[in-house]
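Here is the structure we will look at, set down as structure tokens.
Source: prediction; values computed, not measured. Just so it is clear: chains get the letters A, B, ... in the order the sequence lines come, proteins before strands, and each one is counted from 1.
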Amino acid sequence: MKSPVTSRSAPPLSVRGLTKSFGSTRAVRDVSFDVRSGEVHALLGHNGSGKSTLVKMISGLVRPDSGGFNVGSGADEVLRIGVVHQDLALCADATVLENCCMGDAVARRGPFVDWDRERRTLLPILDSLAAHFGPSTMVRDLSPANQAVVAIARALKRGATGAPLDLLILDEATARLRGTDADMVLATARRVAAQGGGVLLVTHHMSEVLSAADRATVLASGAVVDTVEVSSTDEEQLLRMVSGRDVTALRRTPPPPKATDQAPLLVLDRVTGEQVHDLSLEIRAGEILGVTGATGAGFEELPYLITRPDRCHDGTIHLGGVLLRGRTYSETRSRGVGVVPADRLINGVYVAASVRENLSPVVRRHNRVLGLVANPKERSWARRTASAFQVRTAGPDAPIGSLSGGNQQKVLLARVLEDRPKVLILHEPTQGVDEPTRRALIEIVRGAARAGTAVLYVSCDVDEVAGAADRVLVLRDGRCVHESPGGLDRADAIYAASYLTGTTTP
Amino acid sequence: SAPESKTSVTEQDATSEIAVAMNELIEQHSDAPEFTPPGPTFDASQLKGKTIAIVAIDLRVPTLADVVANAKVAAGLLGLKVTVFDAKSQATLMQQGMQQAIDNRADAIISDGLVMQVVADQIKEAKDRGIPTIDVVNSPPVPDVPGQGSDPNIFGNVSPDAALGGQLIAAAAIASTDGKAKVQVMNTSELTAAPAIVKSITETIENCDACEVVSTTDTALNDWSTQIPGLTATQIRSNPEINFILPIYDAMGIFATTGVQQAAATGKAWVASQDGSPAALALVKQGDVFVANVAKSSSWAAWAAVDQAMRGMLEMAPADPVLPVRYVDSAALEGVDTSTSKSVDEALFGPAYQDGYKELWGLS
Amino acid sequence: MTTSSKIRTDLTVDSAAAGADSPSRDSSRGEPAAHLQKYALLVALVALIAVFSVLRTETFFSLANLTTIMSIQATAALLAMGVTLVLIIGEFDLSVAAVMGLSASLIAYLTTQHGVSVLLACLVALVLATVVGLVNAALVVGAGLNSFIVTLAVGTLVQGLAIGIAGSMTIGGLPTSLTYPFQSRFLGVQAAFFYMLVVALVLYLVVGRMPIGRRMFFTGNARAAAELAGVRTARVRVGVMMTAGLLAGAAGVMFVGQTGAASPSIADPFLLPAYAAGFLGATAFTPGRFNVWGSVWAVYLLAVGTTGFQFLGLDNWVINVFNGGVLVLAVGLSRFFARRARV
Amino acid sequence: MTTSSKIRTDLTVDSAAAGADSPSRDSSRGEPAAHLQKYALLVALVALIAVFSVLRTETFFSLANLTTIMSIQATAALLAMGVTLVLIIGEFDLSVAAVMGLSASLIAYLTTQHGVSVLLACLVALVLATVVGLVNAALVVGAGLNSFIVTLAVGTLVQGLAIGIAGSMTIGGLPTSLTYPFQSRFLGVQAAFFYMLVVALVLYLVVGRMPIGRRMFFTGNARAAAELAGVRTARVRVGVMMTAGLLAGAAGVMFVGQTGAASPSIADPFLLPAYAAGFLGATAFTPGRFNVWGSVWAVYLLAVGTTGFQFLGLDNWVINVFNGGVLVLAVGLSRFFARRARV
Ligand SMILES: Nc1ncnc2c1ncn2[C@@H]1O[C@H](COP(=O)(O)OP(=O)(O)OP(=O)(O)O)[C@@H](O)[C@H]1O
Ligand SMILES: Nc1ncnc2c1ncn2[C@@H]1O[C@H](COP(=O)(O)OP(=O)(O)OP(=O)(O)O)[C@@H](O)[C@H]1O
Ligand SMILES: [Mg+2]
Ligand SMILES: [Mg+2]
């Protein structure tokens, strides 16, 4: 698969001593490395290690305090750099096509935009990414996963016309994608490399690094730990570099013995929504039910059918024997359902507000005095919670917008788990979270389950679901096509059921 | 029924006796009014250094701004100090302006268009503190009554005779249609003088058998520029018999004229109004649509107001509140420079009244 | 990305829960409802005209009457377009009315009191108006101040200057060389209307068909995203705010040309209606997006409403009530179709 | 990322480039600049007063003047608070002025023309005002229409009704039983001012210190997120819009109580200043967020500016220019400190 093409003289990207600090936080310190032409170069590091900041500096959005970088051969011809930012940078109210033309020199007929030509350019790219949505779909109507696909398509489109891309930067572009979709993106990256360009691949998934990257540069708190040949390293070593300590592999602890006579806590009976078709499932207290499938399999809708039962076209949802029929989430929530939504920036945080406020938009009882918010009390509570979830932040009153993507995700998880919900719904809960923390978070979820919470774990990451859940359902076209107990050993079977058509269990 | 000559009102139009009568009335007011002392003379020099506080409702309104400017001139001659407060149409600021005038011990207050009801309390307080308040070009004057038509606690009023103004523009309509005026009265009922003007227009029209008030519309002050052109056109269309539009103030007349033009009714419908603001007079000078205006002099008003104020300070009896007006049509405006209120004022009212006041104040 | 605290004036449907329910503006799904929404304004306009015609056949539905409405509303439409551009980039410009007043009164002043040639006077006015737009831009884009309040302030300031220059009084008696080009009629409609149409057409092409239009939309709708994607949003915003100033100036020229008189504060009442038209227009043609044709239609829809009710000889206050009603109805209507379009 | 179409009227720093620089409201970092920003308005106000006092010692800086300003501006402050609440939840309410006019004129009408008892009249007015707020909420939250245009329309409609009921003329001569409670003085300041202070204090506690306040901010700035975090955003929005109506009504009551006269359109000039105050206030105390004290201070800052310049006996137009300038300056100032605070 890997065939380093050595063509151009100057490397597509050479970074020399880049440094950037935000106020007191030193985000990036004296970072230097090269991305050779023809190579996929992985950029690893814990949350808040400065990856995105580095990317933003390279794409000219953040001015470095010192140091510099050199993109492409610097020759006369125009540079073709495709960047997929961690936060995708899409416009929800525009179509896929429009989004893919955002900011680029668009094809024109006379003075006007030539939409037909643009469409013709985009279609093959969408196909190459196996996207199952059209250019004129509204981005708003796409699931987070597909929005990532759109962003990638836009990045590739830069190289589509004429010469190939010089440099492709993917900042956790695969964070929302798993399985074949992720493979598709990695293959694309390889293709770009094969055509003589360079790829900077920012990810938290070691498997991707091992399978797709030639070399890897590891950052820790803004500084380069080392740049290594992937061929001459392994996951354990990479993890050690990322986390700076030995990480015990994720082991499945045997599910706690459950009284099978115990009535299930959450029961979905023949539920049908936009994409889900008469799906039935049960979750008992203390049980973690994983739900996965390929992107577009419709499982992404499941969380939002439970939080807003009125969205079900058909079927019923019972919680502890009570029929849910809320028109707003808060009705469902009041019955003890907690949710960590995907799509952090729309459904998760209020970026201008502080970490503390985002930890509890609805101020917790124990942080109130005489109906007022007890600020000192809440502040110290927020500080404790943040550190318990390993959130890297200047302090509880720092605006959450100043946190790195992964750390924002941790704040979200903390918010929900602090409520000790009866039923916990997780939608891509570890999206963009670095490996060590991811394992820690999953342990926390397990802990919650052991304490009697029923957990619905919805993710497109088969390994994660398999590793975390007691029981796993696989959906395809909105229907359950496979059910199996959890466990990493079952991962392959689940993977097959998700991505290989034909494999079904009665 | 339309007059042959739409430019001016001339004898041969008038055959019906009502029209003739109206022409006579018009004639009486067509010349430059000469100055008749509004009250006994007095020595103004003793008032040197006193302060007159002018509180205006909104100095973006031309007339009111003119009053301020000319009052300053007059006061300057007398060595009086003048302070100005602009309430920017905000009721609370009107009160604040009055209140501050009182607090800062002004010797007299000139209310330049303030809404009497809104500042009633302050006017009373001023009176109690012995500060006379003069109401200028706002309330219809009624000689020899306390407040002279304004709030009872007002010392004196200075204003053109609203009823006469209404009567004259109605007369214009009747005369130039030879007693067959079909008029639309254009009202803005929130203005203090509106009822009086509308009343006398309607009465005058009713005195003429073949005449009729076809419709009366009411447009909010804020909507003049946006609404009146359309409204006028609408009225002309929905009542094709309308041959005269009588806005109560000529600032409305400007937009009514636009409306008539845009309704392509030039030569079928005319506009007559009162107040004598330069822009309107410019249109009257053209005379194709806006054919008659009853002009008052803001400058004269200012001098009269200062005169009233001084009488107040000297605890004399208030002077005659009625401001003279002059009926003008395009003929009368022949060769008049209508570009500024100053030039208009000089042309239509001459310098006589200023000398008159100076004499009255013992300046000459 | 991180957007900072902002006013939500969502045009699209309530977008809670990832707007898992939002109207698709994807015209390819040719459901009737979707089209009904697109053309709701036109429908409403036609409906209104029909109603009034039935109620007042002889008078209301006369060609003359319609042409009058067309002529009279040209200025308002011109101003509404400028407002629309600013709304597209997600800002406010509350100084437009003051600028319109400045331009109108300045021309009146220069031509009547100083015998400046009409052309020169108009040129000066337009340049000044654009400069005001530039000042707004400098404060909003350059200094990063909030546009609502900045333009409010600049408006006050500009009106002050206008009064300082031209005086507060209404200046009339303008040379026919100024009024004729606007008042002369073609097919019974004043020339001003056709100028307005031309501007509308040009702006439509720029906003709706040219790349810059795309950039404007993204700048207003997802600025941070646009930045990340390489749109020079600052440039776009400055350009648009200057254009808005220019258009306000042009509205002033047209106003003084049509009315033949002007004062600095004469245009104040045009401000809110212009915004009403902008927002109302955003419910049609490209529903959920501010658009030029929408604003123009909206201006005329509202005008027909007012005029029609006047024809019925209703009291001023009743007309106000109805106007308010019509506005709500029009917005509600296309909202309704939007819902229908999605089911 | 994906946000729904909206007007950006950013209060915080320009957040383009993924808000790479969103200001920290972290008060714990006690840099002087940060504090300077927080209290920029107070500084500005004091500065203004100082300047005017020096220039016109004998007259301006008299206790009488200051108490007068305090008393007179109470109504404006009350209205500004209502506006602030609506701005916090990310909506507009342009009907407040009309509602204020309705409430004021209705009371004047009922008490003078129908001998209705003062208490009853006020009650009716307040209830009606709240109902208007409810109507707004129904259209904005219920039907999901755009608040800017809906409230604009409802405002027109309400004013129409008010004129229909009370007539367009100013009604004066109200019973002292109505005026006394507002005009009676304490330390030379009218009681109205103290009522306003009480309301401000309560609202400050609600918005700034009570949990509901935080829910309001999340509703205004990240509705989807708030929804999924268990905030009943619909409820919050309805509640706030009704409160805004109520406050507008209260402003009407206070107005008629202080002036002893009212007409339906008398409150119109209060609308834009109220918004100016809201936005200006958002630059202080909790910079970047609309807040009650900020709005109140802003009202007085603008009032001192407006009246102070008049004391200098400047021409009217100069005063307008200065007022515009002060507004820009005030916003610019705290923006400047905001920048400083972050470096
Ligand atoms: N705009 C900002 N203001 C203040 N601090 C910032 C800002 N952006 C990033 N930081 C800080 O810089 C550090 C690096 O952030 P960055 O987003 O680059 O991390 P990252 O490696 O991308 O993390 P993740 O893997 O979670 O995306 C973090 O500590 C973050 O808090
Ligand atoms: N974060 C979210 N918030 C709210 N709704 C969501 C979210 N994520 C997904 N959904 C809803 O779930 C539905 C199903 O998501 P899914 O990804 O299966 O659709 P899709 O992949 O866009 O369909 P396809 O890819 O086949 O076109 C989406 O249409 C979306 O409305
Ligand atoms: Mg990152
Ligand atoms: Mg999909």
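The nearest pair of heavy atoms linking C:Gly332 to D:Leu145 is CA-CD2, 3.8 Å. Closest of all the heavy-atom pairs between D:Ile149 and C:Val331 is CD1-CG2, 3.6 Å. Nearest approach of C:Asn320 to D:Gly160, heavy atoms of both residues: CB-CA, 3.7 Å. The minimum heavy-atom distance between D:Leu152 and C:Ala276, with the atom names listed, is CD2-CB, 3.4 Å.
Of the residues considered (D:Val140, D:Val154, D:Leu272), D:Leu272 shows the highest number of contacts with chain C, using heavy-atom pairs under 4.5 Å. Top candidate by heavy-atom pairs under 4.5 Å with chain D, chosen from C:Leu157, C:Val318, C:Val150, is C:Leu157. Of the listed residues (C:Leu161, C:Ile165, C:Val158, C:Leu94), the one with the most heavy-atom contacts under 4.5 Å to chain D is C:Leu161.
To the nearest 0.5 angstrom, D:Thr156 atom OG1 is 13.0 Å from C:Ile319 atom CD1.
Of the atoms belonging to D:Leu139, it is side-chain heavy atoms, and not backbone ones, that fall under 4.5 Å from chain C.
Side-chain contact between D:Phe92 and C:Phe148 is present, with at least one heavy-atom pair separated by less than 4.5 Å.
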